[in-house]
2 protein chains.
Amino acid sequence: MGKKKKVTFSDIAKFTNFSKTTISRYFNDPDSITPENQQIISDALVKLNYQENKVARILANGKTEFIGIIIPNLYLHYYSEMLNQILCTYEQYGYKFLVFIGNENENTERQYIQELMAYQIEGLIVLSHTIPSKELADLKIPIVAIEREDLYISSVNTDNYSGARQAVQLLASHHCQIMLHINSPTKENIPAYGRISGFLDYCRENQIPHEMFIEDLGINDEDLHQKFTCILDQIQMKYPDKKKGIFISNDTYASVFLNLLIRRYGKLPDDFYLVGFDNSPISRQAVIPISTVGQQINKIAQESMKLLVGLMDSQKKRNPAPLSEPVHKTIPPLLILRDTTEKNIF
Amino acid sequence: MGKKKKVTFSDIAKFTNFSKTTISRYFNDPDSITPENQQIISDALVKLNYQENKVARILANGKTEFIGIIIPNLYLHYYSEMLNQILCTYEQYGYKFLVFIGNENENTERQYIQELMAYQIEGLIVLSHTIPSKELADLKIPIVAIEREDLYISSVNTDNYSGARQAVQLLASHHCQIMLHINSPTKENIPAYGRISGFLDYCRENQIPHEMFIEDLGINDEDLHQKFTCILDQIQMKYPDKKKGIFISNDTYASVFLNLLIRRYGKLPDDFYLVGFDNSPISRQAVIPISTVGQQINKIAQESMKLLVGLMDSQKKRNPAPLSEPVHKTIPPLLILRDTTEKNIF
DNA sequence: TTGTATGCGTTATCAC
DNA sequence: GTGATAACGCATACAA
C-alpha cells in the first residue's frame, strides 16, 4: 500500500463542482457563500476526510502564528511554570509556540534564533540571558524579554525591588534586630538586582543594622550545603544574641538554609526569621513552610503575551512603525506569610 | 518606511546571474557547483542579508521536521524535566517541537491534535492520559507514548514493577517487619500500576506482612496533609511496635509524610523507613533526604526520540509499511539510597 | 455569490 | 555543472 496523497482544495473543488476559491472562502469567510453550498462543501469535507494544511496557508498569506521561545532550562520551577503559563495562552490568542532550551551557550542560542527566523516566527519571547538585548533588537521582530537584561527590547518583570523591601519590612515588623541578605553575585543590569538594592535601601532608609552575604553558591548540593554551613557559622558568631531577619534570594536556597537549622537545632530557633523569594513549591513543601516574596508567574506570562501580541499586531499594519521604543512592564510581587515569620501561630 | 520585502532565491539569482535552481543547490548540495560559484553565492547571501524560509521549503518537499508534544502540565517536575530532555534532542536530531499543554480535557486535546496535524507534524509524543491509544493510532502518524495507556501505540516507560520490587527489597534488607504502601487509585492499564503490583508480588512471594493505603489524596495541600495525618494515625495504632517499611507512590507524597513525622517527633523515628518514587528534587531537598526509586528521565526521553525517529524514517520510504505493531520499551529505574533508609550513617 | 489568474518561496524533474 | 519549468496547497486581486 503506497502513501495515500492528502486531499486538497482541488479535490474538494472537483468533487463539489466549485472552484478552489470557493473552498478557500468556506474556511476564511463562510458567510460569503450560500448556506446550501456551505452544507455541500461541509459534507464533502467529511466524505473526503479533508485535513487542513496550514503550511500552505502560511506561504500564501504570510502569517505563521508562530511565536519562538528561548528559555534557559526547565528544571528550575520558575522557568517551567512560566513556560506552562505562556503555552496556555494558546487558548486565548491561538499562537503556536516553538520552544528552544538555551543551555547558556551564546552561539547555540544564535543558531536557535536563526532557526526560529527561518520558520517565520511572528514574535519572540526571551528568558535566557546570554544574548545582549542590543543584538536581539536588531532582529527587527517583536520581542518581549522576561526577567533579563532588557535595555533595547520590551520586557515584563517582577518588581524585585519592591519585593525585597516588603521582605525586609516584614522582618522588621517582627522586631528583627539585624537584617541579613544571602544572594549570589548579581549584575546590576538585570531585574533580580532589585532584590539586593531593595534590601539595602530599606535598611539604610530605616537605619536598620544589616549585612550581605554575596557568594557564588555553586551548583551541586554539597557545595551549597557547605557554603551555607559556613554562612550560618558566621551569623551565629557575629550575632549570637540578636533577633536575626534573613532574606534569602530564592526559595531553594532558603530551604537549604532552613534544613540546616532544623538538623542542627531540631527546630527553627526562636531568634531566626526567614523570608525567601519566588513562592516556588519548595517553599510550601518545606518542613516549616517558608514565608516568601511570591512572583505572579501567571500575570507575567499574561502581560508578556498581551504586550507581544500588541507589538505583532502593529507590525501587520500597512505602515508598521519601526518597532517603537521598548516598553517595560512591572508586575508586583505578593508577600506570602508562612511559618518562618509568623511564629505567633505556634 | 514600509515593510521591506524579504530576500528570496530569485533576488539572489538575479544578483549573481545564476538560476534559482543553482541557489537552491548551494544550500542542499553545495558540492554540485564549482567552488568559485559557491563563493560568489556565499558573498551575495551576506551582501543581500538573506534569511532562509523553511516554510516554503516544507511546502516544496513535504518535510516539516516538526514533532508535536501533548503533555498534561509542567508544574509536576516529572513532566517539565521530561520536556526539557525531549527539547534538548534538537541538537541531536534537528526536529523542532510544537508543544501543547493538555489540561486533562479530552476535546481540547483533540483540537490540539488537529492543529498539530494541520501543521504537518511528522510525529507525535503523548504524555497526557485523556485520549485512548486506539484513537491516537487512527491518526496514522508515528506516535510514541510515555507513561500512559499504550495498547495500540508504541511507548517508552519506566519499569515501575521492578522499581517497586526494589523498593520493598531495600526495606526488607533493613529488616522492616511490616510493609506499607501508600498510593492513589490507579488504573491497571497504565504503567504506574506496576508500583502497586510490584509491591504486592514481592511481599507475597516473600511472605512479608503488608498493607496498602489506596486513597484519593486530593490536590490541595490541606487535603493532602489531613489524609496523611489520618494514615499515620492508623499506622501507629495498628503497628506500634513493628519496624515499618513505607513505600510511597511519589516523592511529593513521601515528603509530606516525612514532614509530618518530623514535626510530630522532631526527627524521623527509628522504626520508620521510607522510600519514595521519581527522584524528583524534593527527595533531595527534604529535611532528611529521601531514598527513592529514580526514574531515568533522560534515558526515557532519549529512547522515545530514538523510537519515534525510527518510525518517522520508515514512513519516509517509498513503501511505508502500515505502521507496524506497537513497540514497547522499558527503562530500568535506579534505586537511590538516602537517609530515610540508610540510617546507620548517623 | 462565485470563478479566473496569479503569487507565496522553495524543491524536483527534466533537459542541456 | 547549470537552467527552465512545473509542482507544493492555499490566498487574494480582480472579474464576472
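We use all heavy atoms of the structure for the numbers below, so side chains are in, but hydrogens, waters and symmetry mates are not. Sequence lines set the chain letters: A, B, ... in the order given, protein chains first and strands last, and positions in each chain run from 1.
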Ignoring hydrogens and geometry, is there a side-chain-to-backbone donor-acceptor pair from A:Arg148 to A:Pro191 under 3.5 Å?
no
Distance, nearest 0.5 Å, that separates CD of B:Glu109 from CD of B:Glu115:
14.5 Å
So, using side-chain contact (heavy atoms from CB on, under 4.5 Å) as the criterion, who are the partners of B:Glu36 when residues are at least two apart?
B:Thr34
Rounded to the nearest angstrom, tell me the gap between atom CG in A:Asn17 and atom C1' in C:dT4.
17 Å
Which part of the nucleic acid, if any, lies within reach of B:Asp11 when heavy atoms closer than 4.0 Å are counted: base, sugar-phosphate only, or nothing?
nothing
Contact residues, residues 33-44 of chain B to DNA chain D [heavy atom, < 4.0 Å]
B:Ile33, B:Thr34, B:Asn37
Donor-acceptor pairs under 3.5 Å, side chain of residues 74-85 of chain B to any protein atom, not counting sequence neighbours: which ones?
from: B:Ser80; atom 1: OG; to: B:His77; atom 2: O; distance (Å): 3.2
from: B:Glu81; atom 1: OE2; to: B:Gln85; atom 2: NE2; distance (Å): 2.8

Ring centroid separation for A:Phe97 and B:Phe97, is it under 6.0 angstrom?
no
Could you pull out all residues at least two apart from A:Phe27 that satisfy side-chain contact (heavy atoms from CB on, under 4.5 Å)?
A:Phe9, A:Ile23, A:Leu45, A:Tyr50
Has B:Ser32 got a side-chain N or O lying under 4.0 Å from the OP1 or OP2 atom of D:dG1?
no
Within the structure shown, what part of the strands sits under 4.0 Å from B:Asp29 by heavy-atom distance: base, sugar-phosphate, or nothing?
nothing
What is the distance from CD1 of B:Ile12 to P of D:dG3, rounded to the nearest Å?
14 Å
Sugar-phosphate or base contact per nucleotide [nucleotides 8-16 of chain D; S, B, -; heavy atom under 4.0 Å]:
BBBSBB---
Does B:Lys134 count as lying over the ring of B:Tyr152, i.e. NZ or CZ under 6.0 Å from the six-ring centre, within 45 degrees of the axis?
yes
I'd like to check the side chain to side chain donor-acceptor pair (under 3.5 Å) partners of B:Thr64; sequence neighbours left out, ordered by chain and number.
none
